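All remarks here apply to the structure that follows.
The chains referred to below are lettered A, B, ... by the order of the sequence lines, with proteins before strands, and numbering in each begins at 1. Owing to the predicted nature of the structure, the values given are computational and were not obtained by experimental measurement.
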Amino acid sequence: MCGRYSLTTPEDHLVEVFDVPPLTFDYRARYNIAPTQDVPVVASDKRGTRLGLLRWGFVPAWADDPSIGSRMINARAESLLDKPAFKQAAVSRRCLVPADGFYEWAAEDGHKVPYWIHSPDREPMGFAGVWERWHHRGTEPVFSMAIITVDANDQIRHLHDRMPAIVPAADRKAWLDTETPIAEALSLLKPYELALEAYPVSTLVNRPANDVPDCIEPV
DNA sequence: CCAGACGTTGTT
DNA sequence: GTCTGG
DNA sequence: CCAGACGTTGTT
DNA sequence: GTCTGG
């Protein structure tokens with residue numbers, strides 16, 4: 001699955017890779033991004049395609065309060081259209097979540113070992129996501145998202161059975177385009193075919209407050 | 001028709 | 001809002 | 001994902 | 001054990 005990731009890419013490079021306008025929020029390298037936090041997301045609306053901050057943890061429009069978001073951090077690619085919570089978002093509110101790596105905890109004789117999984121060239125990837133707007137009278141609107149998961153590929157399977165859906169660079173535009181037929185968009189969600197590298201890291205990463213470079217250093 | 005749920009993961 | 005179960 | 005809290009009453 | 005918060 002995907003419950004923690006990193007984004008250490010410099011701002012100017014991120015803007016260039018995802019071909020978006022200059023950022024309108026404070027950006028800094030992140031080594032330990034956790035659910036419920038506001039994270040940079042590429043999405044399109046009437047103002048065009050741009051990078052904005054969305055809360056990680058999908059809050060459906062019908063939720064009584066936003067706390068449900070902490071339990072809806074992922075959405076299974078296989079069942080996106082079958083789930084009332086995600087269906088409309090899959091059709092018209094797809095997004096890309098920039099990340100240069102993600103963490104998986106592998107069970108190794110009785111304890112859990114965190115691994116950092118990343119592209120060998122350390123370039124940022126785009127995780128497939130869906131976003132939503134929640135609003136109740138008398139409160140600020142909440143813009144939130146879930147990261148879509150697929151079956152782990154052969155490189156990851158020994159660590160975990162699920163992984164984030166990584167949209168290849170060439171497919172990013174089609175994934176974001178609301179004109180793309182839903183069936184075609186969903187066909188882009190498949191186990192990643194390019195190379196990934198994984199190595200064990202410090203349990204420093206277990207604690208979300210430890211957002212430091214040592215999180216991605218091999219041990 | 002209305003009522004009630006609506007999600008994922010991991011573990012058992 | 002939308003789907004499923006009764 | 002992991003970490004950390006998990007309850008009420010009354011009083012300050 | 002289970003839920004919430006980060």
Side-chain angles (χ1 to χ4, degrees), chain A residues 1-7 28 30-41 53-95 97 99-118 127-137 141-152 156-166 182 189 191 198-212 214-216 219:
Chain A
M1 66 160 316
C2 183
R4 216 71 78 78
Y5 68 93
S6 63
L7 179 60
R28 65 185 174 87
R30 296 292 310 278
Y31 302 88
N32 191 1
I33 295 173
T36 72
Q37 297 176 349
D38 288 333
V39 303
V41 173
L53 290 177
L54 274 72
R55 182 191 298 194
W56 182 13
F58 193 96
V59 181
W62 41 258
D64 291 328
D65 74 89
S67 65
I68 191 176
S70 61
R71 300 190 301 280
M72 297 180 73
I73 64 174
N74 294 132
R76 294 176 66 88
E78 303 89 331
S79 56
L80 267 185
L81 298 184
D82 301 328
K83 307 297 183 183
F86 297 132
K87 183 176 181 178
Q88 199 50 51
V91 171
S92 56
R93 288 185 304 277
R94 297 187 294 268
C95 60
V97 183
D100 69 347
F102 59 99
Y103 297 96
E104 298 288 5
W105 279 257
E108 293 178 7
D109 41 59
H111 59 127
K112 287 183 151 190
V113 178
Y115 282 75
W116 187 57
I117 300 146
H118 54 282
F127 296 159
V130 285
W131 66 273
E132 179 62 284
R133 186 191 121 106
W134 178 92
H135 182 59
H136 264 35
R137 269 175 44 139
V142 175
F143 291 86
S144 64
M145 66 84 185
I147 293 173
I148 298 172
T149 63
V150 294
D151 272 334
I156 304 301
R157 195 162 296 124
H158 66 287
L159 298 175
H160 223 77
D161 62 342
R162 303 289 294 176
M163 67 184 288
I166 302 168
I182 183 62
L189 303 177
Y199 55 64
V201 294
S202 162
T203 53
L204 202 59
V205 75
N206 287 14
R207 196 183 151 105
N210 296 332
D211 186 10
V212 294
D214 274 349
C215 287
I216 65 169
V219 293

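With rounding to the nearest 0.5 angstrom, the OG1 atom of A:Thr149 is 4.0 Å from the CZ atom of A:Arg162. A:Ile166 contributes atom CD1, which lies 5.0 Å from atom CZ of A:Phe102 (distance to the nearest 0.5 angstrom).
A side-chain donor-acceptor contact under 3.5 Å links A:Asn74 to the backbone of A:Cys2. Side-chain N or O atoms of A:Asp211 include one that pairs as donor or acceptor with a backbone N or O of A:Asn32 at under 3.5 Å.
Scanning for side-chain contact (heavy atoms from CB on, under 4.5 Å) contacts around A:Pro200 gives A:Val113, A:Tyr115, A:Val219, with sequence neighbours left out. For A:Asn206, the side-chain contact (heavy atoms from CB on, under 4.5 Å) partners at least two apart in sequence or on another chain are A:Trp105, A:Pro114, A:Thr203. Judged as a salt bridge (Lys or Arg N to Asp or Glu O under 4.0 Å), and not counting sequence neighbours, A:Arg71 has no contacts. With sequence neighbours left out, A:Arg76 forms a side chain to side chain donor-acceptor pair (under 3.5 Å) with no residue at all. By the side-chain contact (heavy atoms from CB on, under 4.5 Å) test, A:Asp161 is found to be paired with no residue, residues two or more places apart in sequence or in another chain being considered. Shown here are the ring-ring contact (aromatic ring centres under 6.0 Å, His included) partners of A:Tyr5, two or more places apart in sequence or in another chain: A:Trp56, A:Phe127. By the side-chain contact (heavy atoms from CB on, under 4.5 Å) test, A:Lys87 is found to be paired with A:Leu81, residues two or more places apart in sequence or in another chain being considered. Judged as a salt bridge (Lys or Arg N to Asp or Glu O under 4.0 Å), and not counting sequence neighbours, A:Asp65 has no contacts.
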note = Encoded 5' to 3' (Watson-Crick or G-U under 3.5 Å; [ ] crossing; | other strand), DNA chain B becomes ||||||......
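Comparing B:dG7 with E:dC3, their C1' atoms sit 15 Å apart, to the nearest whole Å. Taking atom C1' on both nucleotides, D:dT9 is separated from E:dG1 by 26 Å, rounded to a whole Å. Taking atom C1' in both B:dT8 and D:dC2, one finds a spacing of 15 Å when rounded to whole Å. Look at the C1' atom in both D:dA5 and B:dA5: the space between them is 27 Å, to the nearest Å. When the C1' atom is used for both E:dT2 and B:dT11, the distance is 14 Å, rounded to whole Å.
For DNA chain D, the outermost nucleotides in 5' to 3' order that have an atom under 4.0 Å from a heavy atom of chain A are D:dC1 to D:dG4.
Using a 4.0 Å heavy-atom criterion, one finds that A:Ala75 contacts the sugar-phosphate atoms exclusively. Among the protein residues, A:Ala61 comes within range of no part of the nucleic acid, since none of its heavy atoms lies under 4.0 Å from any strand. Within 4.0 Å of A:Asp38, counting heavy atoms only, lies no atom of the nucleic acid at all. Across all strands, A:Ile73 comes closer than 4.0 Å to base atoms (heavy-atom distances). Nucleic acid contact class of A:Pro60 (heavy atoms, under 4.0 Å, all strands): none. Across all strands, A:Tyr5 comes closer than 4.0 Å to no nucleic acid atom at all (heavy-atom distances).
The nearest pair of heavy atoms linking A:Ala75 to A:Leu80 is CB-CD2, 3.9 Å. A pairwise comparison of heavy atoms in A:Gly101 and A:Trp116 identifies CA-NE1, 3.5 Å as the closest pair.
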Using the 3.5 Å cut-off, write out each protein N or O paired with an N or O of nucleotides 1-5 of chain E and the distance between them.
residue: E:dT4; atom: OP2; partner: A:Arg71; partner atom: NH1; Å: 2.8

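Contacts of residues 102-115 of chain A with DNA chain D (heavy atom under 4.0 Å): A:Trp105, A:Lys112.
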